[in-house]
Number of protein chains: 2
Amino acid sequence: MSLSERKMKILQAIINDYIATAEPVGSRTIAKKYNFGLSSATIRNEMSDLEEMGFIIQPHASAGRIPSDLGYRLYVDTLMQKAELQEREKNFLQGVVANNMNQIEYLMDETAKILSSLTNYTTIMSDPIVHSRTIKKIRFMALENNDVLVLVGTDGNMVKNHTMHLDAVPDDEELFRLSCIINDYLSGQSMEHVDERAINSLRAALPGWGQLINAVLKAVEKTTESLSPQFHLTGAKNMLAFPEFSDVEKAQKLIETLEEKDVMKNLMSVPPKEGQDVQIYIGNELGIDEMKDCSIITTHYKLSEHVTGTIGIVGPTRMNYSQVIAVLNGMVKNMEDTIAHLQQKNQPLRRQLTDSSRKKQTEQDS
Amino acid sequence: MSLSERKMKILQAIINDYIATAEPVGSRTIAKKYNFGLSSATIRNEMSDLEEMGFIIQPHASAGRIPSDLGYRLYVDTLMQKAELQEREKNFLQGVVANNMNQIEYLMDETAKILSSLTNYTTIMSDPIVHSRTIKKIRFMALENNDVLVLVGTDGNMVKNHTMHLDAVPDDEELFRLSCIINDYLSGQSMEHVDERAINSLRAALPGWGQLINAVLKAVEKTTESLSPQFHLTGAKNMLAFPEFSDVEKAQKLIETLEEKDVMKNLMSVPPKEGQDVQIYIGNELGIDEMKDCSIITTHYKLSEHVTGTIGIVGPTRMNYSQVIAVLNGMVKNMEDTIAHLQQKNQPLRRQLTDSSRKKQTEQDS
DNA sequence: AATTAGCACTCGATGTCGGTGAGTGCTAAC
DNA sequence: GTTAGCACTCACCGACATCGAGTGCTAATT
């Protein structure tokens, strides 16, 4: 049996209705609300077929039908029409992104909140992930108690800093001189694998400064390490509002799962597929039992050549896919537009990203 | 009518029982479980008195009694015996604090999680708040596109950095020279009110560098601004487990309130009272309707002369006050001990705090 | 005078039962 | 192929009875 045009339309009607009401939808509802010019009986027969094919499910004998994961999958892949951003949403997005561009951390936070409040679902956002791979410039700043702040400048105009402890710290003047020499040897090196020969030459060039060189290498290492992304959960409380999770225990388990970063990390780390703006995981496709009634839509944003991240929206399987996709795309486009705009004006934009990423990554020795 | 010894004991028994069970407790339960050598009838009379005095409440005519806010207040102020930390809790706290001391942000996060999981309540924690007030040292680091990273070192050995944009940026050598001159004029100045005369002398000493000086002043200003604390909510999901919040709507409203940072900010910002390790707000004492069934216990930690913060535990009014107080005090003591220990070994500890606070405060211009 | 036993009473919680209605599947007629 | 009709299913709801924990009061006891 193949999916006739009519079956498609009926399936779409069922899904639309169920997304709106969260109630199993019956043949009569479809016959009345959507003018197919068919009686409920005919629709009943079609629904029976659709159930046999696995697109819809009857929760119990005398109830209407609800879409199955497979049904949603079909919906998402072929039936769904892309929603336009509503004026209200558009304004909202633009305002937020434009006004807060000078404080990336705040922006990310705010963005997540806006997404949650526009969609009424839960947002998971990764911090901007920095893909810097080359050392550009090292500088020092002497602190008290024989500590030194080591600044590591990388390609993409980013800087990260780490506090290191030394047995003896030269004054700033001497440190500056040393940093210039160190730069001669390390500038342009890959952060992951600093060339052994470069290090050796450096050590030879600066005998007696082994500890300082070690501190620099350690700082570089830490800078590299610090590139693993952090995730933030926003609006988890929204899930409580859905009848799907009116069972408190279920809701609690879900939130627990969402907060367990490892679980989400894998999902969010999936690289974006060519030519797809979003990726959608429906119900059991997630492979997480506690989330079998949830879907996740993820997208990727690119703030610069070197800085990218992931945004995910979590909702019940009957979430409003087209709206979420529209909002997500709108948000990403807006962020990227704002950035392009700022860059034209030669604003120090990439630096902001730098700082934001550094925020989560600043580390030090002990 | 005054509170006889016996009434006290009965009240305490009621509160203990209610804390454990969340069920209204009746006279017979008290008579049987706690061996006062009194019949249920006698206890009934006493309970009747206690109700008249306002310490307990009857939720409906044929139910047992539950403690009122006033009852909890009396309990907290006079009846409660301080709980000892259990071995399990002690080990847990020590392990966590000791192992993660080298990464303050991670530590704070972990601390909050541990508190939540040990108590099964919700934790609100402020980032370490930095009370720096004096400029110590300014340094620069040139970046691409005519941007400069301005490093502001303050008393308490903290450093914050801000990216500023200039029309023209001198090379690092020149920047270093300039920073030394700038330091001569600004070092020791209050961050909030840089002396006008110092600025004027500086401008006079460095004619042609007005923009750079402005950038420095702006960076100082931003550093000052960035001292307002951030709050983090952990374990909000724990509240869902309590029968008090089995009503999903109620739970949602509560979480919403907790997430509204402004509400919490006020509470958490109350300065610690002399000679009190914790402050306790019971039910309506909070003055927040959504939280009338909640209590909050807050305490303050001091990581160094210049770095302090607040931890709060939110639970139902029938929360286990003595346990929470013990755990909170244990946690704070542990953190402070670990820090003292590390400082003895001359580890660069304050720097870690520095970095952690900077994490949340790094900003830049646009 | 304080305590206790006894008892009637209250009221939420729980369980049972029939009615209601939305929804189905099936059959026969169009 | 479509539809009208009908018997059947089953969640849901309100009514009603029952149960039991708990109370307040009174009278007896110490």
Side-chain angles (χ1 to χ4, degrees), chain A residues 1-11 13-15 17-18 20-68 71 243-244 246-247, chain B residues 1-11 13-15 17-18 20-68 71 243-244 246-247:
Chain A
M1 188 170 358
S2 84
L3 262 182
S4 66
E5 181 89 7
R6 197 169 71 179
K7 280 195 176 60
M8 290 269 208
K9 275 191 180 156
I10 291 176
L11 179 57
I14 293 171
I15 295 182
D17 213 73
Y18 186 68
T21 64
E23 295 288 325
V25 14
S27 53
R28 201 148 169 278
T29 315
I30 299 291
K32 266 206 291 192
K33 265 208 215 167
Y34 306 79
N35 296 327
F36 292 127
L38 294 174
S39 78
S40 68
T42 312
I43 301 213
R44 216 141 51 226
N45 292 331
E46 294 289 44
M47 281 168 79
S48 185
D49 291 351
L50 283 170
E51 178 163 23
E52 207 178 312
M53 290 189 261
F55 294 116
I56 52 180
I57 290 170
Q58 211 172 358
H60 61 87
S62 72
R65 307 301 214 291
I66 62 174
S68 67
E244 282 89 339
S246 64
D247 175 9
Chain B
M1 186 172 357
S2 84
L3 263 181
S4 66
E5 180 89 8
R6 199 169 71 179
K7 281 195 176 57
M8 289 270 208
K9 274 190 182 159
I10 290 174
L11 178 57
I14 292 171
I15 295 182
D17 213 72
Y18 186 67
T21 65
E23 295 288 326
V25 15
S27 54
R28 199 146 170 280
T29 314
I30 299 291
K32 266 206 292 192
K33 262 209 217 168
Y34 307 79
N35 296 327
F36 291 128
L38 294 173
S39 78
S40 68
T42 312
I43 304 225
R44 225 155 28 239
N45 292 331
E46 295 287 47
M47 281 166 80
S48 185
D49 292 349
L50 282 169
E51 178 164 24
E52 207 177 314
M53 290 189 260
F55 294 117
I56 51 181
I57 290 171
Q58 213 173 357
H60 61 85
S62 72
R65 308 302 214 289
I66 63 174
S68 67
E244 282 89 339
S246 63
D247 175 9

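Convention: sequence-line order gives letters A, B, ...; per-chain numbering from 1. Only this structure's heavy atoms are used, side chains among them; waters, hydrogens and symmetry mates stay out. In this text, all values refer to a predicted model and were calculated from it rather than measured experimentally.
Here the NZ-OG distance, from A:Lys32 to A:Ser27, works out to 11.0 Å after rounding to the nearest 0.5 Å. The CD1 atom of B:Ile10 sits 7.5 Å away from the NZ atom of B:Lys7 when rounded to the nearest 0.5 Å.
Taking atom CZ of B:Arg28 as the reference point, atom P of D:dG20 lies 13 Å away to the nearest angstrom. Rounding to whole angstrom units, CD of residue B:Glu23 and P of D:dG20 are separated by 17 Å. For the pair A:Arg44 CZ and D:dG1 P, the computed distance is 18 Å after rounding to whole Å. Computed from coordinates, the A:Arg6 CZ to D:dT3 C1' distance equals 12 Å when rounded to whole Å. As a whole-Å value, the separation of A:Asn45 CG from D:dA4 C1' is 12 Å. Rounded to an integer number of Å, the gap from A:Lys7 NZ to D:dG1 P is 10 Å. The nearest whole Å value for the distance from the CG atom in A:Leu38 to the C1' atom in D:dG1 is 11 Å. As a whole-Å value, the separation of A:Arg65 CZ from D:dA11 P is 15 Å.
Remark: B:Lys33 engages B:Asp17 in a side-chain hydrogen bond (donor to acceptor under 3.5 Å, both in side chains) (not counting sequence neighbours).
One donor-acceptor pair, N or O on each side, does fall under 3.5 Å between the base of D:dT9 and the side chain of A:Ser62.
If you check every strand for non-hydrogen atoms under 4.0 Å, B:Ser40 touches nothing.
Of all heavy-atom pairs between B:Ala13 and B:Tyr34, the closest is O-OH, 3.6 Å.
Partner of B:Ile56 under the side-chain contact (heavy atoms from CB on, under 4.5 Å) criterion, chosen from B:Ile15, B:Leu11, B:Asp49, B:Ile66: B:Leu11.
Where A:Ser27 and B:Ala41 meet DNA chain C, the nucleotide closest to each residue was compared, and B:Ala41 sits on the side nearer the 5' end.
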Going through the checks in order, is the side-chain contact (heavy atoms from CB on, under 4.5 Å) test met by B:Arg65 and B:Leu50?
CA-CA 10 Å; B:Arg65 308 302 214 289; B:Leu50 282 169; over 6 Å; no

For side-chain contact (heavy atoms from CB on, under 4.5 Å), just list the numbers for A:Met47 and A:Ile14, CA-CA rounded to whole Å, side-chain angles, deciding distance to a tenth of an Å, and then say yes or no.
CA-CA 9 Å; A:Met47 281 168 79; A:Ile14 293 171; 4.0 Å; yes

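B:Ser68 places a side-chain N or O within donor-acceptor distance of the main-chain N or O of B:Gly54, the cut-off being under 3.5 Å.
Using a 4.5 Å heavy-atom cutoff, the side chains of A:Arg6 and A:Thr42 are in contact.
In the helix from C:dA1-D:dT30 to C:dC30-D:dG1, the rotation axis of the first five pairs and that of the last five pairs differ in direction by 20°, rounded to 10 degrees.
Counting 5' to 3', DNA chain C first comes under 4.0 angstrom of a heavy atom of chain B and last does so at the ends given by C:dT3 to C:dG12.
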